[in-house]
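Structure record follows, encoded as structure tokens.
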Amino acid sequence: MYDAVFPPDFLWGAGTSAYQIEGAIYEGGRGLSIWDQFAMTPGKTYQGQTGAIAIDHYHSMAADVALMAELGLQSYRFSIAWPRVIPDGSGPVNQRGLDFYERLVDTLLAHGITPMATLYHWDLPIALHQLGGWLRRDTAGNFADYAAAVAHRLGDRVDWWLTINEPWCAAYQGYGDGKQAPGSTDLAEAVIAGHHLLVAHGLGMQAVRAYVRPHARLGLALNLYPVDPVDEREETLRAASMADHFKNRWFLDPIFRGQYPEHLFASWGVEPPPMHVGDAALISQPIDYLGINYYERSVVRAAPTTMGFEEVRGLADATYTDMAWEVYPLGLTRILTRVHRDYAPSLLIVTENGAAYHDVRDTDGTVHDPGRLNYVQRHVEAVGDAIRAGAPVGGYFVWSLFDNFEWAEGYRYRFGLVYVDYQNQQRIIKTSARWFGDFMRAQRLQHREGLVIQQE
Ligand code: IFM
């Protein structure tokens, strides 16, 4: 079922982010972030859960990397916590913070695992939030200084970089619907925050580029969704177009075309963001790859909401994960080929793809996760289909390597290939991880020995 479609240098891996796994929020000179504050605010997360301890990766990093090697992971995507590196967001660099990530990178490399570093996965230092956070343009400049500090230390070893993870979530969920930190509910603010995140991406690209090796690859990761109308009525088709603009084109267009879609903000009844001279070129500077985070498609119908649509769930014949996200592998092929067709990035990497289930330990201590196994297998096939259709896909990362803090949902859903017992921090390799490890090994072997292995 998996023929020789994946090239020898295809990156296979899994990902995490700092606040979701590290814990140790008061250690190593780390400052606090908007996520510490948000999670500690009553009512913001499931049962008031926080990332204060998470899966304690800060203390178990070496063992965690050894586990990655045991699994056969070829590449590991992680994020760097800005408040560990610059506790107040701007100003002095905390060398102990950088030391931690340097140890992580060196341990990965010692195990032959390729590091992919994300610079911003939502943990804005609280001191910057107090100055205005992403509503303040200078935050983008502060981000560039932070990015430079990290790249200065790690640029001689890390060749894969992502500036911002999912600016749509950071902007819209952080400032628009309030589901994420810092929890504002003002669409006009979300639009401004989104623009400043893009400016930060642009400045961050330049800052990192100055310190990395010539062959290093720099990009950012967008969460994208193919959008389908639930029926063929004209108003539904219009709603689907609105949804596509909101979910996809809001960020794709400025990055690849240097401009927001026409009438986008007017259609939401808000002002466009404050564009400075040079912003368009800065934001749309060439990236070496686009990270695509794909989980499900979006099926919509017309509704009297600000964006003119609402999501439709519970479709007959559809299957859903425990988090009620549709399992729709074809959507991954579709989004990859669509981005290739409409925006033509030179390289696409699936930087996140995965499924949340309520996994449990069997009496013998093992964890079987057939839902996730099926999800990952089918999405890997969907990537193969996209490559066959001509999309330049160069990597695939499962989200997530470990069960972890799923933001406002706390610990109630598990995304990991590896199960974590939150009582004692024990790690247990799930069935999906065993399969994925074997699969990665088979891919390597296939290319090393020039074999074509047909895997069942
Ligand atoms: O856990 C998150 C991740 O941090 C960002 N992308 C989506 C994942 C699942 O919700």
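By convention here, the first residue in the shown sequence is residue 1. Both ligands and their constituent atoms are indexed starting at 1 by order of listing. In what follows, every heavy atom counts, from backbone to side chain, and hydrogens, waters and symmetry copies are set aside.
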Point to revise | Carboxylate-amine/guanidinium contact Arg412 Glu409, below 4.0 Å | key: yes
Exercise for review: State whether the shortest distance between N or O atoms of Asn293 and N or O atoms of ligand 1 falls below 3.5 angstrom.
Suggested key: no
Check your understanding: Would Arg414 and Asp322 pass as an ion pair if we require N to O under 4.0 Å?
Key -> no
Point to revise | Ligand-residue contact atoms, ligand 1 with Glu166, heavy atoms, under 4.0 Å | key: 5 (C), 6 (N), 7 (C)
Exercise for review: Tell me yes or no: between the side chains of Tyr419 and Asp369, is some donor less than 3.5 Å from an acceptor?
Suggested key: no
Check your understanding: Is it true that Tyr413 and His358 have ring centroids separated by less than 6.0 Å?
Key -> yes
Review point. Does Glu409 have a heavy atom less than 4.0 Å from any atom of ligand 1?
Key: no
Study note, to complete from the structure: Going by the 4.0 angstrom heavy-atom rule, the piece of Phe405 near ligand 1 is neither
Practice item. Specify the protein heavy atom at minimum distance from atom 8 (C) of ligand 1: its residue, its atom name, and the distance to 0.1 Å. Key: Tyr295 OH, 3.4 Å
Check your understanding: Any ion pair linking Lys247 and Glu311 (charged N to carboxylate O, less than 4.0 Å)?
Key -> yes
Point to revise | Smallest separation among heavy atoms of Thr306 and Trp268, with atom names | key: CG2-O, 3.5 Å
Review point. Any N/O of His121 closer than 3.5 Å to an N/O of ligand 1?
Key: yes
Exercise for review: Give yes or no for whether the N/O distance cutoff of 3.5 Å, strictly under, is met between Trp122 and ligand 1.
Suggested key: no
Check your understanding: Looking at ligand 1, does any of its N/O atoms fall within less than 3.5 Å of an N/O of Trp407?
Key -> yes
Review point. Would Glu27 and Tyr58 count as having a side-chain donor-acceptor pair, cut-off 3.5 Å?
Key: no
Check your understanding: Parallel, tilted or perpendicular: which fits the ring planes of Phe78 and Tyr101, with parallel below 30° and perpendicular above 60°?
Key -> parallel
**Study point:** Element-labelled atoms of ligand 1 that are located less than 4.0 Å from some non-hydrogen atom of Phe415
**Key:** 9 (C)
**Study point:** Glu406 N/O to ligand 1 N/O under 3.5 Å
**Key:** yes
Check your understanding: Considering only heavy atoms, which of Gln20, Glu352, Gln180 lies nearest to atom 7 (C) of ligand 1?
Key -> Glu352
